[in-house]
Amino acid sequence: MTYSEHDLHTLLAERSEQGPGGPLDPAAFARRGRRIRARRAGIGLGAAGAALAAAFWLIPAGTTTVVPAPAANGGTGLPQSVRVAEHDLVLVAEQPGRSPSTAVTYRPKSATVGMWVKCAVPGSMYYYSATSNKVTSSGFRKCGDPPSVEGRITGAEAWMSKPQKIEYWVFAADVPIYTDVDNKCDFEIKCEGKYTTFGLEDREVADKLAAQYPGGSYTAGVYEPRNP
């Protein structure tokens, strides 16, 4: 991780405001730097660093309109199309869930992608992760929430150049994951006895929690704009 001159000035200014203290802890310095860069980039839940904000932007959910799937699709419950804010999305790939995780692979036609999971158990939570060109996009959401929709500011060409994989984990509602990643948690794996969403990027952690707190059966789906 590298830091700009602006990052260093910001950190030193914060330390000066706090007054004299003990010797500077390099690890704490690095953590503070990551937090400042994340705040500046406006990274939300589940993001791991400022590089993500440069590669992805989150489309506001707004009003969501769902068109139910026809009975012929096997009764998975995933809608064939959904409108999120001003974006009309259609289902392009789906996969029944399995433990500990399910991967949905598809060939992107657009730099915009929607991630959604239909869970059999109300209140279940899901985590998704997709990596392209060494940049990871991830998020932790409730199954009943609208789809998470992301578009690529950079890396769109790499994303659409080959088949891509989005991986999903589903957990019970009481899974011990601390979702309020603030100054106390920073980008640590655990916070106040619970795992953070940042910690889920370690697949050993995600697999372990999915096994200990199973969320029941589910279907994972991927959406793209109707006319990419």
Side-chain angles (χ1 to χ4, degrees), residues 31 34-35 38 43-49 52 56 58-59 61 64 66 68-69 73-79 82 84 91 93-106 113-132 135-150 164-223:
R31 289 195 300 271
R34 290 196 300 269
R35 187 172 67 246
I43 297 175
L45 182 65
L52 297 184
F56 302 97
L58 188 64
I59 299 171
T64 302
V66 172
N73 83 334
T76 63
L78 277 173
V82 59
V84 181
L91 183 67
E94 62 181 319
Q95 180 69 45
R98 63 179 182 274
S99 181
S101 66
T102 291
V104 181
T105 301
Y106 78 111
V113 56
M115 288 74 67
W116 210 4
V117 172
K118 179 73 173 181
C119 298
V121 180
S124 295
M125 309 293 294
Y126 72 91
Y127 173 73
Y128 67 85
S129 178
T131 299
S132 176
V135 177
T136 296
S137 172
S138 61
F140 181 73
R141 300 172 62 82
K142 184 180 292 186
C143 286
D145 287 349
S148 175
V149 184
E150 294 178 351
Q164 297 292 343
K165 179 176 72 174
I166 302 177
E167 198 160 10
Y168 298 84
W169 289 258
V170 168
F171 313 93
D174 61 345
V175 63
I177 296 176
Y178 187 79
T179 58
D180 185 13
V181 181
D182 58 14
N183 292 349
K184 295 181 297 181
C185 290
D186 209 357
F187 290 107
E188 304 297 337
I189 291 179
K190 296 192 75 173
C191 175
E192 298 181 338
K194 294 183 178 181
Y195 289 92
T196 68
T197 52
F198 175 76
L200 291 175
E201 292 203 2
D202 183 338
R203 61 174 307 120
E204 288 187 5
V205 173
D207 288 351
K208 175 178 127 180
L209 289 175
Q212 292 181 344
Y213 298 88
S217 61
Y218 63 96
T219 301
V222 176
Y223 290 78

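Values below: every heavy atom of this structure, side chains too, minus hydrogens, waters and symmetry copies. These figures come from a predicted structure and were not determined experimentally.
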Step-by-step side-chain contact (heavy atoms from CB on, under 4.5 Å) determination, Lys208 to Tyr213: CA-CA 9 Å; Lys208 175 178 127 180; Tyr213 298 88; over 6 Å; no
Heavy-atom closest contact (Tyr218 atom, Ser101 atom, distance): OH-C, 3.9 Å
Candidates Val149, Leu78, Val113, Val84 - the one meeting side-chain contact (heavy atoms from CB on, under 4.5 Å) with Tyr223: Leu78
From CG (Leu200) to CD1 (Ile177), nearest 0.5 Å: 4.0 Å
Considering all heavy atoms, the nearest Lys142-Tyr126 contact: O-CE2, 3.8 Å
Side-chain heavy atoms of Leu209 within contact of Val205, under 4.5 Å: yes
Residue pair Ser148, Tyr128: steps toward the side-chain contact (heavy atoms from CB on, under 4.5 Å) verdict: CA-CA 10 Å; Ser148 175; Tyr128 67 85; 2.8 Å; yes
Ser138 versus Glu201, side-chain donor and acceptor atoms under 3.5 Å: yes
Non-hydrogen atoms of Ala210 and Pro100 that approach each other most closely: CB-O, 3.6 Å
Nearest atoms (heavy-atom pairs only) where Val121 meets Gly216: CG2-CA, 4.2 Å
By side chain to side chain donor-acceptor pair (under 3.5 Å) - contacts of Lys194 (at least two apart): none
Over 12 non-hydrogen atoms of neighbours within 6.0 angstrom of CD in Glu204: no
Considering all heavy atoms, the nearest Gly221-Leu91 contact: CA-CD1, 4.1 Å
Side-chain ion pair, Glu94 and Lys118, N-O less than 4.0 Å: no
Tyr178 OH to Lys190 NZ distance, which is reported to the nearest 0.5 Å: 14.0 Å
Side chain to side chain, Ile189 and Tyr195, heavy atoms closer than 4.5 Å: yes
Evaluation steps, side-chain contact (heavy atoms from CB on, under 4.5 Å), between Tyr106 and Lys165: CA-CA 7 Å; Tyr106 78 111; Lys165 179 176 72 174; over 6 Å; no
Side chain to side chain donor-acceptor pair (under 3.5 Å) between Trp116 and Asp145, worked out: CA-CA 9 Å; Trp116 210 4; Asp145 287 349; over 6 Å; no
Nearest non-hydrogen partners of Phe171 and Phe140, listed with the distance: CD1-CE1, 3.9 Å
Any donor-acceptor pair under 3.5 Å from Arg141 side chain to Met115 backbone: no
Within-4.5 Å side-chain heavy-atom neighbours: Gln95 and Tyr168: no
Sub-4.5 Å side-chain heavy-atom contact between Thr219 and Val117: no
Donor-acceptor under 3.5 Å (Thr196 side chain, Cys191 main chain): no
Candidate pair Thr136 and Ser129, rule side-chain contact (heavy atoms from CB on, under 4.5 Å), full reasoning: CA-CA 7 Å; Thr136 296; Ser129 178; 3.6 Å; yes
